[in-house]
J.: 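Sharing a structure with you now.
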Amino acid sequence: MSYKYIPHTQSDIDEMLKAIGATTVDDLYSDIPENMLFKGDYNLPESMSETEVRHFIGNLSHRNQVCSIFAGAGAYNHYAPSVVGHIIERSEFLTAYTPYQPEISQGTLQYIFEFQSMMSELTGMQCCNASMYDGPTAAAETMMMCVTASKKRNKVLVSATMPAHVLRVMRTYAHFHGIDLQEVAAVEGVSDLDAIKVAAAAGDVAGVIVAQPNRYGIVEDYTGLADALHSNKTLLGMYADPSALAVLKSPAEWGADIACGDGQTLGMPLSCGGPYVGYMATTKDLVRKMPGRIVGATHDVNGRRAFVLTLQAREQHIRREKANSNICSNQSLMALYATVYLSLMGRDGMKEVNASSYANAHYLHDELCKSSHFKPAFDKPFLKEFVLSTDLDIEKLQKHLLANGIFGAVKVAEGQVSFCATENNTKEEIEHLLNVIKSI
């Protein structure tokens, strides 16, 4: 059979087989025991035309259940203007060359520079990298950066209010890097700042990492934490939602030394878990301890503005075993996505996103609490995500919601569920959820 999309002709194949001393392609598998070879017919449909394939795949897609999303827990259903997808699919972006050769990579280098600039503005930090795999790995790298910067300290404290999936990745990194990662228990849904300060006062803590908003959706008050830590030469890292930073106090304003988080909230599709993009931002004093690429602005020999990778001696592709991290590749296409999204939304658009999310979430929270089945788990401020105590069987609740086209009620603990509402949730969807709850 002739496969017109496969470039090797029979003469090509014969020539390659001759070069390696084989007679047929089957000779390549001669080391496999006969009883291990599959000799039946593959359960594959007959060949189809393009139109038939489109109909076939389309019919399969109709079997998917499309739900209204009222879940957060680290992945949020934010809207992105349709033009974002069209822009990042332009050939100069999709086919951009690796930026190690600046002479032919100015487009790539420029959007990375713009991404860094925008993330620095959101976090209030002096510099940002581009970029990390996702939020959890960014948090883990922040933990390692604290240890590297302190040199003689190996202990890092993390608040138990950190998102659960982030904590799991941090534990894995800590285990294999020999870092003493200690979790500080939460009090009423927020970080126990007194316990953190007492532990840091021992003088052996390299860094403390907290979340904003935290795993329960609570916007925490970290007043005085940075000063207490810095007096003991301990760094403060903050895992922050970049979308929420458009309206919340920035990590820099809290006195943080390192900011990190997941850029998924900047309009990126949920996509069953990825691809997302992590970010790290820090102060000028710590920039050489930060992993990942950093693009700087300069001028070429003709005086024109140009961009180039800078401080590369920190990176794995230069120093290998002596580098700050083994992260060498990055999520550059998703950094481009975030850059295009932020440039389109602007300051006013980002404020509107948060205002709408706040309004929807608080309306949903208040209406659910009118039901006899729910009550607030914590009396704390929140933006778009919140936790309720419930007397309902959580598994049955989730199944009931799914049966009615709703994905939500994430189990947080025994008798506690979380809901999330963003600007993407319509009033009709919210009322549908409330009516479904009432029907229980």
J.: Under 3.5 Å, is there a donor on one side chain and an acceptor on the other for Thr137 and Asp134?
T.: yes

J.: Is it true that Phe382 and His362 have ring centroids separated by less than 6.0 Å?
T.: yes

J.: Does any part of the side chain of Trp254, heavy atoms only, come nearer than 4.5 Å to the side chain of Asp221, both counted from C-beta?
T.: yes

J.: Would you say the side chain of Leu401 lies within less than 4.5 Å of the side chain of Leu433, judging by non-hydrogen atoms?
T.: yes

J.: Side-chain contact test, heavy atoms from C-beta onward, threshold under 4.5 Å: evaluate it for Ile13 versus Val25 and give yes or no.
T.: yes

J.: Working to the nearest 0.5 angstrom, can you tell me the gap between Ser131 OG and Tyr279 OH?
T.: 12.5 Å

J.: Tell me whether the count of non-hydrogen atoms from other residues, nucleotides or ligands lying under 6.0 Å of CG in Asn35 goes above 12.
T.: yes

J.: In terms of side-chain geometry, is the basic nitrogen of Lys18 or Glu15 positioned less than 4.0 Å from the acidic oxygen of its partner?
T.: no

J.: Apply the test side chain to side chain contact (heavy atoms under 4.5 Å, CB included) to residues Met162 and Tyr239: give CA-CA distance (whole Å), side-chain angles for both, the deciding distance (0.1 Å), then the verdict.
T.: CA-CA 8 Å; Met162 186 71 68; Tyr239 186 87; 3.6 Å; yes

J.: Less than 4.0 Å between a side-chain N and a carboxylate O, is that true for Arg305 and Asp300?
T.: no

J.: Is the CD atom of Glu352 crowded by more than 12 outside heavy atoms at less than 6.0 Å?
T.: no

J.: Looking only at the side chains, is there a donor atom on one of Gln126 and Ser120 sitting less than 3.5 Å from an acceptor on the other?
T.: no

J.: Given 3.5 Å as the limit, does a donor-acceptor pair link the side chain of Asn425 with the main chain of Thr422, or not?
T.: yes

J.: Taking only Lys NZ, Arg NE, NH1 and NH2, and the carboxylate oxygens of Asp or Glu, determine whether Arg347 and Glu121 approach each other closer than 4.0 Å.
T.: yes

J.: Under a 4.5 Å cut-off applied to non-hydrogen side-chain atoms, are Asn404 and His432 in contact?
T.: yes

J.: From Glu183 CD over to Leu167 CG, what is the distance, rounded to the nearest 0.5 angstrom?
T.: 5.0 Å

J.: Can you tell me if Asn424 and Asn77 form a side-chain donor-acceptor pair at under 3.5 Å?
T.: yes

J.: Verify the neighbour count for atom CG of Asp348: are there more than 12 heavy atoms of other residues, nucleotides or ligands below 6.0 Å?
T.: no

J.: How about Asp257 and Thr283: does a side-chain donor come under 3.5 Å of a side-chain acceptor?
T.: no

J.: Counting C-beta onward and ignoring hydrogens, is there a side-chain heavy-atom pair between Leu364 and Leu434 closer than 4.5 Å?
T.: yes

J.: Please state whether the rings of Phe113 and Phe307 are parallel, tilted or perpendicular, taking 30° and 60° as the class boundaries.
T.: tilted

J.: Rounded to the nearest 0.5 Å, how far does OH of Tyr133 lie from CD of Glu141?
T.: 8.5 Å

J.: Going through the checks in order, is the side-chain hydrogen bond (donor to acceptor under 3.5 Å, both in side chains) test met by Ser61 and Asn64?
T.: CA-CA 5 Å; Ser61 70; Asn64 292 331; 5.6 Å; no

J.: Could you tell me if the side chain of Val156 sits less than 4.5 Å from the side chain of Gln182, heavy atoms only?
T.: no

J.: With respect to Met119, which candidate in Leu266, Leu245, Val277 satisfies the side chain to side chain contact (heavy atoms under 4.5 Å, CB included) definition?
T.: Leu266

J.: CG/Leu28 to CD1/Ile20 distance, rounded to the nearest 0.5 angstrom?
T.: 5.0 Å

J.: Cut-off 3.5 Å, side chains only: do Ser357 and Glu423 have a donor facing an acceptor?
T.: yes

J.: What pairs of residues pass the salt bridge (Lys or Arg N to Asp or Glu O under 4.0 Å) test when at least one of them lies in residues 373-382, not counting sequence neighbours?
T.: none

J.: To the nearest 0.5 angstrom, please state how far the NZ atom of Lys370 sits from the CD1 atom of Ile437.
T.: 15.0 Å

J.: For the rings on Phe378 and Tyr216, is their centre-to-centre separation under 6.0 Å?
T.: yes

J.: I'd like to check the side-chain contact (heavy atoms from CB on, under 4.5 Å) partners of Thr24; sequence neighbours left out, ordered by chain and number.
T.: Asp26, Asp27

J.: Between the side chains of Tyr363 and Glu431, is a donor N or O closer than 3.5 angstrom to an acceptor N or O?
T.: yes

J.: Between Gln212 and Glu220 (side chain of the first, backbone of the second, donor and acceptor by atom type, cut-off under 3.5 Å), is there such a pair?
T.: yes

J.: Would you indicate whether the side-chain heavy atoms of Asn129 and Gln116 approach each other to under 4.5 Å?
T.: no

J.: In terms of side-chain heavy atoms, does Ser159 have a donor or acceptor partner in Thr161 at a distance below 3.5 Å?
T.: yes

J.: Taking atom OH as the centre, does Tyr42 end up with more than 12 heavy-atom neighbours from other residues, nucleotides or ligands that are less than 6.0 angstrom away?
T.: no

J.: Is the shortest heavy-atom distance from the side chain of Lys399 to the side chain of Lys396 under 4.5 Å?
T.: no

J.: Just checking Gln65: does its CD atom have more than 12 heavy atoms from other residues, nucleotides or ligands closer to it than 6.0 angstrom?
T.: yes

J.: Mind checking whether His78 and Tyr76 have parallel, tilted or perpendicular rings, split at 30° and 60°?
T.: tilted

